[in-house]
Amino acid sequence: MIAALTSPAENPASIGQWLTPLASWPAAAVTAVQATGSVVRIVVASTRGSSPRAAGTCMLVDRERIVGTIGGGQLEWSAIASARNMLATPGAAAVQLRTLVLGPQLAQCCGGVVELWMERYTSADLAMLDSAERAAARGQAFLVSRLTGAVIERRVNRHPALDEHARRMARAGTRLELVRENDSISLHERLDEDRPAVWLYGAGHVGQALARVLVTLPMRLTWIDSRPEFLPTGVPAHILVSELPVATVRTAPPGTRFVIMTHSHQLDYELCKAVLERGDQAWVGVIGSRSKSARFRSRLCRDGLEPEHVARLTCPMGVDAIESKEPAAIAISVAAQLLQTLKPAPTRTVTEAHECVAASCRGCGHQPGNTP
């Protein structure tokens with residue numbers, strides 16, 4: 001006989017917790033240390049061959065919870081056990097380095113080699129962690145952790161242009177470098193976030209469903225609506241309540257991805273126009289049908305926007321072959337399309353863009369596709 005499914009309130013034996021993604025690790029480490037007294041950060045310091053996650057990926061482990069992931073599976077399970085042993089063992093070294101061959105040692109078919117840097121933070125490190133968090137918030141900054149014997153020294157570098165390791169990492173496009181020098185090992189890593197900015201306008205059913213997804217993805221979400229009652233508290237995003245949402249467009253950083261799905265078609269249009277007039281966005285999408293897309297494109301042309309700017313509008317939004325109009329389904333479709341924009345895509349020539357928009361403006365029946 002199969003027991004009926006019950007809610008956690010009805011089934012006290014269900015004590016599981018949702019696994020939480022890790023955004024800013026210094027801030028999360030401060031929270032963990034303040035709550036439990038200590039936490040271990042597990043960093044993928046280097047990889048050879050195939051591995052579940054890239055170098056620079058990290059997670060936090062305290063006595064009860066984990067935040068983030070280094071790829072799951074036996075690699076992560078083994079690392080968590082080692083981290084909790086560090087927390088439970090008085091006098092254990094503050095830093096441990098582990099090199100794991102995924103196939104022979106852990107029976108993972110990735111087959112590569114992963115080197116882990118495991119570092120414990122306690123209340124004595126709160127000032128350093130707070131300094132790292134503030135430096136990251138101000139812009140590009142690096143943390144250098146140098147292990148000599150059993151002694152760990154840490155330094156927040158706010159002037160990376162003067163550091164040869166930082167310059168080398170910048171040229172290579174990497175976020176982390178493990179350096180062995182004589183009797184010491186140093187971990188050099190960027191602290192500032194390089195996640196792309198996404199500005200979401202609208203907090204209705206679809207907006208809320210999309211926000212739930214975006215905060216779990218490698219993106220920095222800013223969420224804007226004029227109705228504070230529709231913007232939930234406790235969301236790991238920058239919340240803007242504005243009676244003039246269009247005025248906020250100019251405050252977004254260059255290269256922002258704009259997602260527009262407000263309660264008003266007129267407001268959608270004004271936001272779309274303001275974004276396209278800026279011209280420095282990485283992407284802009286508006287929720288709506290193909291007929292709404294045609295009307296917006298024709299109106300934008302009449303309002304004087306250049307055809308190549310209008311061609312950068314994505315409307316309708318979402319990946320192909322998802323037909324459901326349920327808010328959660330639309331949210332997943334739009335989130336998938338945003339993820340696709342993180343990779344360089346082929347671009348149309350100015351001539352092709354002009355022809356596509358001109359066709360829409362003439363009302364000839366040709367509708368521009370979903371790709372900007």
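Keep in mind it's a predicted model, so treat the numbers as computed, not measured.
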Who else is in [X]'s hydrophobic cluster (ILVMFWY, side-chain heavy atoms under 4.5 Å, direct or via others)?
X	result
Val144	none
Val151	none
Leu147	Val43, Val95, Leu97, Trp117, Ile152, Leu176, Leu178, Ile185, Leu187

Contact list for residues 23-78, test ring-ring contact (aromatic ring centres under 6.0 Å, His included), sequence neighbours left out: Trp25-Tyr121
Give every residue pair that meets the ring-ring contact (aromatic ring centres under 6.0 Å, His included) criterion with at least one member in residues 288-319, sequence neighbours excluded. Tyr269-Phe296
Should the heavy atoms of other residues, nucleotides or ligands under 6.0 Å from [atom1] of [X] be counted, would the total exceed 12?
X	atom1	value
Glu64	CD	no
Glu229	CD	yes
His263	NE2	yes

When you measure from the side chain of [X] to the backbone of [Y], do you find a donor-acceptor pair of N or O atoms at a distance under 3.5 Å?
X	Y	result
Gln281	Phe258	no
Arg155	Leu143	no
Thr248	Leu244	no
Thr256	Val198	no
Thr89	Asn85	yes
Asp125	Met128	no
Arg53	Gly72	no
Arg175	Gly56	no
Arg120	Ala92	yes
Ser289	Lys292	yes

For residues 270-287, the salt bridge (Lys or Arg N to Asp or Glu O under 4.0 Å) pairs (sequence neighbours left out) are Lys273-Glu277, Arg278-Asp280
Measuring only between side-chain heavy atoms, which start at C-beta, is [X] closer than 4.5 Å to [Y]?
X	Y	value
Gln337	Arg257	no
Thr314	Val286	no
Leu267	Pro245	yes
Leu22	Cys58	yes
Val30	Val33	no
Leu75	Leu116	yes
Thr222	Leu200	no
Leu240	His238	yes

For [X], give me all partners under salt bridge (charged side-chain N to carboxylate O under 4.0 Å, His left out), at least two apart in sequence or on another chain.
X	result
Asp183	none
Glu76	none
Glu115	Arg180
Arg227	Asp225

Given Ser264 and Thr262, is the side-chain hydrogen bond (donor to acceptor under 3.5 Å, both in side chains) satisfied, shown in steps? CA-CA 5 Å; Ser264 162; Thr262 76; 5.0 Å; no
Arg98 vs Ser78, side-chain hydrogen bond (donor to acceptor under 3.5 Å, both in side chains): CA-CA, chis, key distance, verdict: CA-CA 11 Å; Arg98 296 188 66 197; Ser78 172; 3.1 Å; yes
Quick one: do [X] and [Y] end up in the same hydrophobic cluster if we chain Ile, Leu, Val, Met, Phe, Trp and Tyr together by side-chain heavy atoms under 4.5 Å apart?
X	Y	answer
Val246	Leu313	yes
Ile332	Met317	no
Leu231	Val235	yes
Leu221	Val259	yes
Met59	Leu191	no

Taking side chain to side chain donor-acceptor pair (under 3.5 Å) as the test, write out the residues that go with Ser131, two or more places apart. Arg158
Taking every heavy atom of Ser38 against every heavy atom of Thr122, the minimum-distance pair comes out as CB-CG2, 4.1 Å
Take Arg312 and Glu306 through the salt bridge (Lys or Arg N to Asp or Glu O under 4.0 Å) test and state the conclusion after the steps. CA-CA 10 Å; Arg312 297 183 65 187; Glu306 295 295 331; over 6 Å; no
Supply the atom-to-atom distance Leu276 CG to Leu271 CG, rounded to the nearest 0.5 angstrom. 11.0 Å
Sequence neighbours left out, what passes ring pair (Phe, Tyr, Trp, His ring centres under 6.0 Å) with Trp223? Give chain and number order. none
For Arg146 and Ser186: C-alpha separation, side-chain torsions, deciding distance, then whether side-chain hydrogen bond (donor to acceptor under 3.5 Å, both in side chains) applies. CA-CA 4 Å; Arg146 186 183 305 277; Ser186 300; 3.0 Å; yes
